[in-house]
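Residue numbers count from 1 along this sequence.
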Amino acid sequence: MQESRLFKMVYYLLDKGKATAPELAEKFEVSTRTIYRDIDALSGAGIPIYAEAGRNGGIYLMNGFVLDKVVLSEEEKQEILTALQSINTTQNISNSQTLQKLSAIFNLNSEDWLEVDFSRWGDKEYDNEKFELLKSAVIHCRNIKIHYAGSYGTTSERIIQPLKLVYKSKAWYLKAFCTEKQDFRIFKLNRILELEVLNESFQHRDFPEQANISDAECNKIVLRFPEEMAYRVYDEFDKTQVQQQGDGSMVVSVSLPKDAWLTGFLLSFGTQVDIISPAYLKEVIAEQAKLIYEKNKP
């Protein structure tokens with residue numbers, strides 16, 4: 001129990017900067033005398049903790065102190081190295097100085113058992129360069145100019161304030177504020193055809209939850225797939241959205257955005273999807289399938 005409290009005390013001081021003994025005593029439900037004993041125990045374990053008396057005094061950690069091998073368990077150290085090693089978004093991080101330094105500090109060799117690469121198949125150089133530029137623009141709050149391929153076949157030029165990079169459902173997205181629309185928008189990274197980081201900076205703001213796709217912008221659709229399409233169904237949909245039927249078929253209930261992407265997405269299943277609802281969507285897909293046939297018939 002004491003060991004757990006000591007660790008929590010260190011985390012608390014790292015977060016707050018300083019605290020008084022009565023404050024720590026109240027937080028950890030012990031006496032002030034126990035807090036001072038804990039300080040002695042931490043100091044004896046090599047943690048640079050000290051107390052200053054007086055009106056503006058308190059309990060501090062030495063400036064520049066970070067958690068190191070004194071505090072982290074062997075399992076925690078290995079988890080940190082694995083997390084760094086596994087993310088190969090923009091470069092081979094296993095060769096980075098960060099990983100090498102942490103391996104030396106922890107006195108551990110990271111096991112090369114996992115690789116995560118978010119770039120597309122083929123030449124990934126541009127994807128990585130784009131990601132690195134966007135990451136820098138988000139961190140330094142710099143406006144960017146993009147050429148963006150929209151959902152309805154149009155390409156537009158916009159100046160946006162990039163706020164956050166998000167990986168969701170097998171794709172990267174950029175949450176941003178669009179200066180033209182004066183509203184928050186979400187952009188798919190693969191559709192950003194060109195980008196330029198501008199010299200103009202902006203004041204960071206949080207991306208509001210209500211700026212995500214609303215119910216009004218979505219179709220609530222119900223689809224049926226034959227049993228042999230299970231591999232694709234579970235690629236595209238969460239298992240909570242899938243109901244297995246007695247004959248082996250699968251019924252999927254899901255909300256998807258109302259745009260041209262949805263038509264292409266449903267057509268990608270070919271004859272292996274039956275649109276149960278909404279009825280108008282069946283007509284849209286049938287018409288598009290007819291146009292495809294007319295365009296490609298012998």
Partners meeting side chain to side chain donor-acceptor pair (under 3.5 Å) with [X] (sequence neighbours left out):
X      : value
His204 : none
Gln182 : none
Thr271 : none

- [ ] Could I get the full list of ring pair (Phe, Tyr, Trp, His ring centres under 6.0 Å) partners for Tyr50, not counting sequence neighbours?
- [x]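 Tyr50 satisfies ring pair (Phe, Tyr, Trp, His ring centres under 6.0 Å) with Tyr60 only.
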- [ ] Mind checking ring pair (Phe, Tyr, Trp, His ring centres under 6.0 Å) for Phe225 and listing every partner two or more places apart, or none if nothing turns up?
- [x] Phe269
Through direct or indirect side-chain contacts below 4.5 angstrom among Ile, Leu, Val, Met, Phe, Trp and Tyr, which residues connect to [X]?
X      : result
Leu193 : none
Leu291 : none
Leu198 : Ile159
Val251 : Val222, Ile276

Can I get a per-line list of side-chain donor-acceptor pairs under 3.5 Å for residues 19-32, giving both atom names and the distance, sequence neighbours left out?
{"unit_1": "Thr20", "atom_1": "OG1", "unit_2": "Glu23", "atom_2": "N", "d": "3.1"}
{"unit_1": "Glu23", "atom_1": "OE1", "unit_2": "Thr20", "atom_2": "N", "d": "3.4"}
{"unit_1": "Glu23", "atom_1": "OE2", "unit_2": "Tyr12", "atom_2": "OH", "d": "2.5"}
{"unit_1": "Ser31", "atom_1": "OG", "unit_2": "Thr34", "atom_2": "N", "d": "3.1"}
{"unit_1": "Ser31", "atom_1": "OG", "unit_2": "Thr34", "atom_2": "OG1", "d": "2.9"}

Task: Arg224: partners by salt bridge (Lys or Arg N to Asp or Glu O under 4.0 Å), with sequence neighbours left out - done: none
TODO: Not counting sequence neighbours, list each pair that qualifies as a salt bridge (Lys or Arg N to Asp or Glu O under 4.0 Å) and has a residue in residues 289-298.
DONE: Glu294-Lys297
